[in-house]
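What follows is one structure encoded as structure tokens, with my remarks underneath.
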Amino acid sequence: MSAERLQLLRAAVRDYQGEWTTHRVQHFYRARGVDAPKRATARAGLAQLVREGLLLLDDTTPWRRVFRLNRISTRGAA
């Protein structure tokens, strides 16, 4: 995964604290002229942000995965 692409997504997630889906990420990348045509690229970026603790996955609806900003972060806590 491109570090630049991931950094763009990370900043966007922090700035816009709504729902994120693979479709939204693809639209975001296209709007910024980022070469990321596949849904798998969007999924990989979202998965990485979940691993980092920035996003939480809400998959309570079986046919839809929604990612939301993790407002309670334990990063940097003593």
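Computed from a prediction, not measured in an experiment: that's the story for all the values here.
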Nearest 0.5 angstrom please: [X] [atom1] to [Y] [atom2], how far?
{"X": "Leu46", "Y": "Arg51", "atom1": "CG", "atom2": "CZ", "answer": "10.5 Å"}
{"X": "Leu49", "Y": "Leu54", "atom1": "CG", "atom2": "CG", "answer": "5.5 Å"}
{"X": "Leu69", "Y": "Arg14", "atom1": "CG", "atom2": "CZ", "answer": "8.5 Å"}

Exercise: identify the closest heavy-atom pair between Thr21 and Arg65: CG2-O, 3.8 Å
State, to 0.1 Å, how close Lys38 and Gln26 come at their nearest heavy-atom pair, and which atoms those are. C-NE2, 3.6 Å
Using 30° and 60° as the class limits, which term best fits the ring planes of Tyr16 and Trp20: parallel, tilted or perpendicular? perpendicular
Judged by atom type as modelled, is there a donor-acceptor pair below 3.5 Å linking the side chain of Asp58 to the main-chain atoms of Thr60? yes
Quick one: does any side-chain atom of Asn70 pair with a main-chain N or O of Gly53 as donor and acceptor, under 3.5 Å? yes
In the structure I gave you, are the side-chain heavy atoms of [X] and [Y] within less than 4.5 Å of one another anywhere?
{"X": "Arg10", "Y": "Val13", "value": "no"}
{"X": "Leu8", "Y": "Phe28", "value": "yes"}
{"X": "Thr41", "Y": "Thr22", "value": "no"}

Less than 6.0 angstrom from the centroid, inside 45 degrees of the normal: does Arg24 satisfy that with respect to the ring of Tyr29? no
Cluster overlap Leu9 with Val50, hydrophobic side-chain contacts below 4.5 Å: yes
Exceeds 12 heavy-atom contacts within 6.0 angstrom, atom CZ of Arg30: yes
Inspect the contact between Glu4 and Arg32 and indicate whether a charged nitrogen and a carboxylate oxygen are less than 4.0 angstrom apart. no
